[in-house]
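All figures in this text were calculated on a predicted structure; none of them were measured in a lab. Whatever order the structure lists them in is the order used to number ligands and atoms, beginning at 1.
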Amino acid sequence: MSLLIKNGLIVSSTGRTVGDVYVEGEKIKAIGRDLDFKADEVVDASGKYVLPGVIDPHTHLEMPFMGTTAKDDYKTGTIAAACGGVTTVVDFDLQKKGESIHDCIERKKEWASGKVAVDFSLHPGITDPRPEIIEEVKDAVLEYGTPSFKIFMVYDFRVDDATMIKLLKETKKYGGLVQVHAENFYVIQYMNEILEKEGKLEPYYHAVSRPVLAEEEAIARAVKMVELTDSRIYIVHLSSGRGLYRVKEARDQGLDVFAETCPQYLLLDEERYKEPDFGGAKYVMSPPIRSKENLDELWVGLKMGDLQVVSTDHCPFDFKGGKDMFGKDDYKKIPNGAPGIETLLMLLHTEGVVKGRISLERMVDVLSTSTARMFGLKDKGEIAPGKDADIVVFDPEQKFTITQSKLHMNVDYTPYEGMEMRGMPSVVFSRGKKVAEWRNDHVEFVGEPGWGKFVKRAPFTGF
Ligand code: URP
Ligand code: ZN
Ligand code: ZN
C-alpha cells in the first residue's frame, strides 16, 4: 500500500512547511513539494495540518485499582486513542506482589494481544521492589524494551526513599528513566484524619486532603535523590505551580529532572469538586486539580520548556456505578482517575494553540517529538523519511462540541462535556493504515483491533 498526502502544512517541533508526504507500506519515504509518486491512495490536505501521530505516555488501561478496574481495555482504549489522533500509547503495567518485571510485562502483552488498534508499549510500575527486581532493571532496559519505570510515593504500594535511591542508581546505569508519582503520603494521611474527624467527606475534600505542599515536598525530595545518585527522574502528572517551581529549580542546577502535565491540570480548576449531586467525584484523581493560578503557571512551564510532555493519565471509571458506588459517603473511597485519551489533541490545539498559549510547533513537540525522545520511541514522533507513517491530517477549522456520546472511551462521562473545540483530526494513519476519520459530525474508527504492535523502546540517550 502506498499513500500520498498532498499540499498539507507539515508541522514539526521546529517549523512548518507546505508540501506532500509519501508513504510506502508502514514508513514515510519522502517529503517535498509536488512529489510525483503514483500512490494507491491520495489525500488532499490543502488547508489542513499534517502532524506526527500523538503519543500518550501515561495511560492505565484495564488497571485494577481501588477495588475496581479502569474501564477501558486495550480494545476500547486504543480505539478511542485512534479517534483522538493518538497513534502510540505507553501504558502503565503495575507489578503484582511476587511477580517479576518479565512476567508483569508478558501478562499485559497477553491482555493486549489481538485487541490493540494502535501501537503500544509498557512502563513497568515497581510496586514490589525485592532485591531481584532491582537486579532485573538491567534486562528490562536492555532486553525487554521497557526502559522506564513508575514508582509511587503514595498509595499502599508506595516505595520508600531507600528503594527510590537504589532504583534511581540502577536505572541510570543502564540508560533507563524513573517516573515518579510525587505526593507526600504522610501529609495526606494527616489531612485525611483531620477531615474525617470533622466529617468532611464530600468530593471537594479530596482536593483539601492533598494540598500543593504534598506534591512540592515529594518533588523536592525526589530531586535530592537525583542529586545524591547522579541520576534522573521524570515527574508524572505534575499539577501545581509550586511543584513546577521545584522542577525548574532543579533544572537550573543542571539536574536531569523532567516532567509532564496533563490537560486536566491545564484546564480544570478545583471549583469543579463543588458540582452538585456528587458531580465533583468525576474529578477525583491524584494529584487533584488545583486553584486557577496553578493552571496559568503550568501553561507558562509548557511554553518555556520546563514541562516537556503532555500526557493524559487516562484512568476511566464510570460516574454511575463506579465513582458513586464506592465513594458516595467518603471521598477516600472514590476510585482515583478520569478519562482523557481521546480528547488530548483537540484540547491542546483549541486551548493551547488557538488561544495563543503555545505555538503549533510546541504542541507537536509536547505531544509527539519530545515524548518519543523521552521514552525511546525511535521510529515515532516526527514526519520524516524513515519514521513510521503515524500521521494525523488535522483540520484546524473543524468545530466539535465535546460530548460523551460522540466519543469512544468506554465510560459514561467526559470531564470536558460541552467544551467547544476548534480543530479536529480529519484522517489518522497508524503505520500507513487508516484507523480513524472525520465523518459527518465526529471522528469514526475505521481501523482494526489487533493491528497495533508492541514497540520495544530504546534506552534514554539524553534530552
Ligand atoms: O488519579 C489517578 N492519577 N489515577 C491513576 C493512578 C495514578 O496515580 O496515576
Ligand atoms: Zn500517578
Ligand atoms: Zn497515572
Side-chain ion pair, [X] and [Y], N-O less than 4.0 Å:
X    : Y    : value
R251 : D306 : yes
K433 : E448 : yes
E183 : R210 : yes
R242 : E215 : no
K380 : D119 : yes

Cation over ring, [X] on [Y], under 6.0 Å and within 45°?
X    : Y    : result
K333 : F326 : no
R158 : F152 : no
K282 : F319 : yes
K115 : Y74  : no

In terms of atom number and element, which parts of ligand 1 are under 4.0 angstrom from non-hydrogen atoms of [X]?
X    : answer
M285 : 1 (O)
C315 : 5 (C)
D313 : 2 (C), 3 (N), 5 (C), 9 (O)
H58  : 9 (O)
S286 : 1 (O), 2 (C), 3 (N)

N/O/S from C315 sitting under 2.8 Å away from the Zn ion (ligand 3): no
What protein heavy atom sits nearest atom 4 (N) of ligand 1, and how far off is it? N336 O, 3.1 Å
Would you please determine whether F92 falls within less than 4.0 Å of ligand 1 on a heavy-atom basis? no
Polar protein atoms near the Zn ion (ligand 2) [N, O or S; cut-off under 2.8 Å]: K150 NZ, H181 ND1, H237 NE2
Of H181, K150, Q179, which has the heavy atom at the shortest distance from atom 9 (O) of ligand 1? K150
Using the six-membered ring wherever Trp is involved, compare the ring planes of H58 and H60 and label them parallel, tilted or perpendicular (cut-offs 30° and 60°). perpendicular
